[in-house]
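In what follows, a single structure is set out as structure tokens and then discussed.
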Amino acid sequence: MITIDGKTKICGLLGYPVEHTLSPVIHEVLARHTGENFAYIPCQTEPSHLAEAVKGAYAMSFVGCNVTVPHKSEIIPFLSSIDPLAAKVGAVNVLVPEEGGFRGYNTDLTGLGRAMRYDGVSIPKEKTLILGAGGASRAAAFLLAENGVTNGYILNRTLESATKLCDNINTTYGRTVFKPLLLSEYDKLPGDGYLAVQATSVGLFPHNEEAPIMEEAFYEKCSVGYDLIYRPFETRFMRFFREQGKPSFNGLRMLIFQGIEAYEKWTGKPVPDDVVPEVIEALEKHA
Ligand code: ATR
């Protein structure tokens, strides 16, 4: 248990709603592990109060904030500066105080990269695809672009949003990072051996038996699956891989590492990877 006293460092979560967040569980373990006097407080922030909330958190000397839905892009004008990578993505999930205000970062993106390294998943320069073209896909797509992906694919139910995301990334990086495809057009993917990142909301609890593509032929084209969903622990998407004897991973380590990277920025303390099993145990107890 955290003991609050006059020296407790306070960090807030700005979101609407915030009721279901797991971040307090993660940060309690990190604080205990690193011996910090640190408290993580969810602060329900209505969109119309966002500017005041940012000012208030800074005025009250918060050591940092997390930002979640629906504020990740809307908060940008209220920051004193923004990390170049977060600016490219156009979304911020971490605020760190600096002279005159908060600087914004995106640890959803860097956290996914660290989670993949932790899981031993390497990003192939070619033969990479993403399912989905929403907010989660955007962070994944920029991470893959940063890692040199070329001629990858973004598959989505709606072609228009996949095309928009591809155009945005290809323009930013000045090369063909991704090409758009409909989910139903997966048979147009050349060859096989793809790393498939699942970033749609399909398969999320309680729809455990659903996957964005329900045909085995798609999974035959893939060699490894990375689902950004962590509830359930094994999604239908992941099960397709298991049934073909191929590795797949859920989004739990992405969630944890976005928290670890944020915590490191707020406290200046490096967090060793050996804390991860402890965080997973705490999250399982909480579930
Ligand atoms: P998030 O922030 O979690 O990424 P989002 O921005 O609403 O959420 O994006 C949801 C993604 O899941 C989108 O790619 C969406 O596809 P569309 O662009 O066609 O809406 C995808 N998605 C949601 N429900 C789906 C379904 N039943 N079948 C296929 N894709 C679906």
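Remember, predicted model here, so these are calculated numbers, not experimental data. Just so you know, ligand 1 is whichever comes first in the structure, and atom 1 is the first atom listed for that ligand.
Surrounding CD of Glu243 are more than 12 heavy atoms belonging to other residues, nucleotides or ligands, all under 6.0 Å away. Around the NZ atom of Lys269, the shell of radius 6.0 Å holds more than 12 heavy atoms that belong to other residues, nucleotides or ligands.
A salt bridge links Glu261 with Arg114: at least one charged nitrogen is closer than 4.0 Å to a carboxylate oxygen. Using a 4.0 Å cut-off between a side-chain N of Lys or Arg and a carboxylate O of Asp or Glu, Lys72 and Asp108 qualify as a salt bridge.
An N or O contact shorter than 3.5 Å is missing between Val202 and ligand 1 by distance. For a threshold of 3.5 Å applied to N or O pairs, the pair formed by Asn156 and ligand 1 contains at least one separation below that value. Ligand 1 has no N or O atom lying under 3.5 Å from any N or O atom of Thr200, backbone or side chain. Annotation: Leu183 places no N or O atom under 3.5 Å from an N or O atom of ligand 1; distance criterion only.
For the ligand labelled ligand 1, residue Pro212 lies outside the 4.0 Å heavy-atom shell.
For atom 9 (O) of ligand 1, the closest non-hydrogen atom of the protein is Gly134 CA, 3.5 Å. Looking only at protein heavy atoms, the nearest one to atom 23 (C) of ligand 1 is Ser201 OG, 3.3 Å. For atom 20 (O) of ligand 1, the nearest protein heavy atom (residue, atom name, distance) is Arg157 NH2, 2.8 Å.
Proximity of a side-chain donor or acceptor of Gln244 to a complementary backbone N or O of Glu216 within less than 3.5 Å is detected. A donor-acceptor distance shorter than 3.5 angstrom exists from the side chain of Gln198 to the backbone of Thr200, with no hydrogens or angles considered. A donor-acceptor contact shorter than 3.5 Å links the side chain of Thr150 to the backbone of Gly148. Without hydrogens or angle criteria, Thr107 side chain to Thr110 main chain gives no donor-acceptor distance under 3.5 Å.
Contact annotation for Thr158 and ligand 1: heavy atoms of both the backbone and the side chain come within less than 4.0 Å of the ligand.
Close contacts between ligand 1 and Ala136 involve ligand atoms 1 (P), 2 (O), 4 (O) [criterion: under 4.0 Å to a heavy atom]. Atoms of ligand 1 lying under 4.0 Å from any heavy atom of Ser161, numbered from 1 in the order shown and given with element: 18 (O). Residue Gly135 has at least one heavy-atom neighbour below 4.0 Å for each of these atoms of ligand 1: 1 (P), 2 (O), 4 (O), 6 (O). Contact atoms of ligand 1 toward Gly132: 14 (O) (distance under 4.0 Å to a heavy atom of the residue).
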Stepwise side-chain hydrogen bond (donor to acceptor under 3.5 Å, both in side chains) test for Arg138 and Asn168: CA-CA 10 Å; Arg138 197 172 163 79; Asn168 182 195; 2.8 Å; yes
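Atom 7 (O) of ligand 1 is not flagged as protein-proximal [any protein heavy atom, distance under 4.0 Å].
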